[in-house]
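What follows is a set of notes on a single structure, which appears directly below.
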Protein chains: 2
Amino acid sequence: MTAKPFYEDESGQLHKGEALSVLANLPDASVDALITDPPYSSGGMVRGDRAGSTGKKYISSDSGNQALPDFSGDSRDQRSYGYWCALWLAEALRVVRPGGVALLFTDWRQLPATSDALQAGGWIWRGIVPWYKPIARPMPDRFTASCEYVVWGSRGPMPVEMVAGAKTLPGFYQANPPRERDHQTQKPLDVMAKLVRITAAGGTVLDPFAGSGTTLRAAKDEGYRWIGVEREEAYCEVIAKRLAQDTLFGGVA
Amino acid sequence: MTAKPFYEDESGQLHKGEALSVLANLPDASVDALITDPPYSSGGMVRGDRAGSTGKKYISSDSGNQALPDFSGDSRDQRSYGYWCALWLAEALRVVRPGGVALLFTDWRQLPATSDALQAGGWIWRGIVPWYKPIARPMPDRFTASCEYVVWGSRGPMPVEMVAGAKTLPGFYQANPPRERDHQTQKPLDVMAKLVRITAAGGTVLDPFAGSGTTLRAAKDEGYRWIGVEREEAYCEVIAKRLAQDTLFGGVA
DNA sequence: CCTCTCGATGAATCCATCT
DNA sequence: AAGATGGATTCATCGAGAG
């Protein structure tokens, strides 16, 4: 990397900038896992529903969370969302080592487009991991949309190592979103801490849409190196603050 | 229907035959819900099945997937599965009343193809409901595939009835597969009993791939009328036997 | 300290109304 | 006429505060 990181410590670096251009400057096969939550561009079937601010789209009218900054890049239609994902996923494929993995958060609307984009970007699609949020808002006379999903895959083959230390990861996670958040779509730290364990021991985790930095914080807590990218300055500052904090809970159970 | 049912009682009928031809003989808008588990292992995944069908060149869906490169080595299988699903889903659309619903079981590999097929068949895609099976075979160094999924939608709009009795259905179900099974992919009766409640009170449930008849049994237990279709005589007999039994648990909690 | 009640809230969704 | 806006609805869960 030529540009100076926005923040760094002994275990990783945060870059402020566009995901695609920062990815283009990262060396080949330099990380072990891509774990990220791209802006879904969901929240409405018609273009106009997506065009609003993220606060309006994702927050119920009586909520008090309007103070959170909007996150940009959330107004694509489904086809351009898939195309855009394929673009940066192809670049990320180069950056991840062969045998490394990709984990992408998505909601139900974008799940098929996301799995297509993963494969269009050159990854081998390997599965879906639901994240169940018990407190999702109910809907009369229909099924509540109470899950988000992690679509995951690998760069090429993932040879199964029948070694004694092989870890098995659950195919399902249950947790509520954090009650106090720095970002509209912040993930629970304990869920992220479990998910990052897909990464090989001592490896590096890459999150090109770092948001409030939960993935990076979880990676650091679990003993991995980390590389983050975030476009919005306000979130860069949140991330730097969260990563600079000591954690009493390193290696969350 | 002209043909005599294989089995019937006061609440429903089982027809022995091919799903598509039996569906073609059902009257318009005569049922309230299509709830089924199409055979994804035998309905197009096998080489011989593909060789026997012609004209399976294009899947007409609006998801923009056609131009994407090879999907995980199985794309031909998935596409012909999707095409076949779109065929009978279009016929089923006619049979379900406007505002009625469709629930399709699928595994993670076929989930995108199933949601495309649902839409190609003319349905409005409305969501994904995971079914989590805690007992699943662990895979070293990767996420366990421990969920199946219900892809659901409706025939046209589903107006929200702002009545007091509006029921909200959970967006997630957890249960292990039944320990003793009549069918390879038999679903837990209590999960099916909860899912069929999406059907309007007093309505009719249609399952064109009835298998061991769990959907039909659950529908009957929950007080609905039911119509089943099954190709294999051996399973028709299993279904007839299960439906003829009294249940001590009518209206499962 | 435990139990109970009350209130707040969520990557939701639909629909009438307004622009 | 199509798109944007705001109100109303659903309930499991959690925190605060009372008893």
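Any value given below was found using the heavy atoms of this structure, including those in side chains, with hydrogens, waters and symmetry copies removed. Every chain is numbered from 1, with letters handed out A, B, ... down the list of sequences. Just so you know, these numbers come straight off a predicted model, no measurement behind them.
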Could you state the [atom1]-[atom2] distance from [X] to [N], rounded to the nearest angstrom?
| X | N | atom1 | atom2 | answer |
| --- | --- | --- | --- | --- |
| Trp152(B) | dA12(C) | CH2 | P | 15 Å |
| Lys187(A) | dG10(C) | NZ | C1' | 13 Å |
| Arg181(A) | dA8(C) | CZ | P | 17 Å |
| Gln186(A) | dA11(C) | CD | P | 11 Å |
| Ile128(B) | dA11(C) | CD1 | P | 17 Å |
| Gln184(A) | dT9(C) | CD | P | 13 Å |
| Asp141(A) | dC11(D) | CG | C1' | 14 Å |
| Ile198(B) | dT10(D) | CD1 | C1' | 13 Å |

Pairing stems for DNA chain C [at least three consecutive pairs; Watson-Crick or G-U; under 3.5 angstrom]: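 Listed by first number, the stems are C:2-10 with D:11-19, C:12-19 with D:2-9.
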
Polar side-chain contact Asp107(A)-dA12(C) base: donor and acceptor under 3.5 Å: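 A donor-acceptor contact between them is absent.
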
Ring pair (Phe, Tyr, Trp, His ring centres under 6.0 Å) partners for Phe172(A), two or more places apart: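 Tyr132(B), Phe172(B).
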
Heavy-atom side-chain proximity of Trp125(A) to Pro112(B) below 4.5 angstrom: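 Answer yes - side chains close enough.
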
Sugar-phosphate, base or nothing in reach of Pro178(A), heavy atoms under 4.0 Å: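 Nothing: the residue Pro178(A), judged by heavy atoms under 4.0 Å, touches no strand.
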
Residue pairs involving residues 213-234 of chain A (criterion ring pair (Phe, Tyr, Trp, His ring centres under 6.0 Å); sequence neighbours excluded):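 Listed once each, the pairs would be none.
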
Contacts of Ala145(B) that satisfy side chain to side chain contact (heavy atoms under 4.5 Å, CB included) - sequence neighbours left out: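 Side chain to side chain contact (heavy atoms under 4.5 Å, CB included) list for Ala145(B), sorted by chain: Trp108(B).
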
Over 12 non-hydrogen atoms of neighbours within 6.0 angstrom of CZ in Phe6(A):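 Yes, the 6.0 Å shell around CZ holds more than 12 heavy atoms from other groups.
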
Contacts under 3.5 Å, N or O only, protein and nucleotides 13-16 of chain D:
from, atom 1, to, atom 2, distance (Å)
dT13(D), O3', Asn176(A), ND2, 3.1
dC14(D), O4', Arg179(A), NH2, 3.3

Parallel, tilted or perpendicular: ring planes of Tyr81(A) versus Trp84(A), cut at 30 and 60 degrees: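 Tilted, since the angle between the ring planes falls between 30° and 60°.
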
Cation-pi geometry met for Lys194(B) and Tyr173(B) (6.0 Å, 45°):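 Relative to the ring axis of Tyr173(B), which defines the angle, Lys194(B) lies outside at least one limit.
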
Name the closest nucleotide to the [X] side chain, picking from [options].
| X | options | answer |
| --- | --- | --- |
| Thr168(B) | dG10(C), dC14(C), dC11(D) | dC11(D) |
| Arg142(A) | dT10(D), dA11(C), dT13(C) | dT13(C) |
| Pro138(A) | dC11(D), dA12(C), dA11(C) | dC11(D) |

Minimum-distance pair of heavy atoms, taken over all atoms of Glu222(A) and Arg197(A):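 Smallest interatomic distance, heavy atoms only, reads OE1-NE, 3.1 Å.
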
For residues 236-245 of chain A, please give each side-chain donor-acceptor pair under 3.5 Å, one per line with the distance, not counting sequence neighbours.
from, atom 1, to, atom 2, distance (Å)
Arg242(A), NH1, Ser212(A), O, 2.9
Arg242(A), NH1, Ser212(A), OG, 3.3
Arg242(A), NH1, Thr214(A), OG1, 2.9

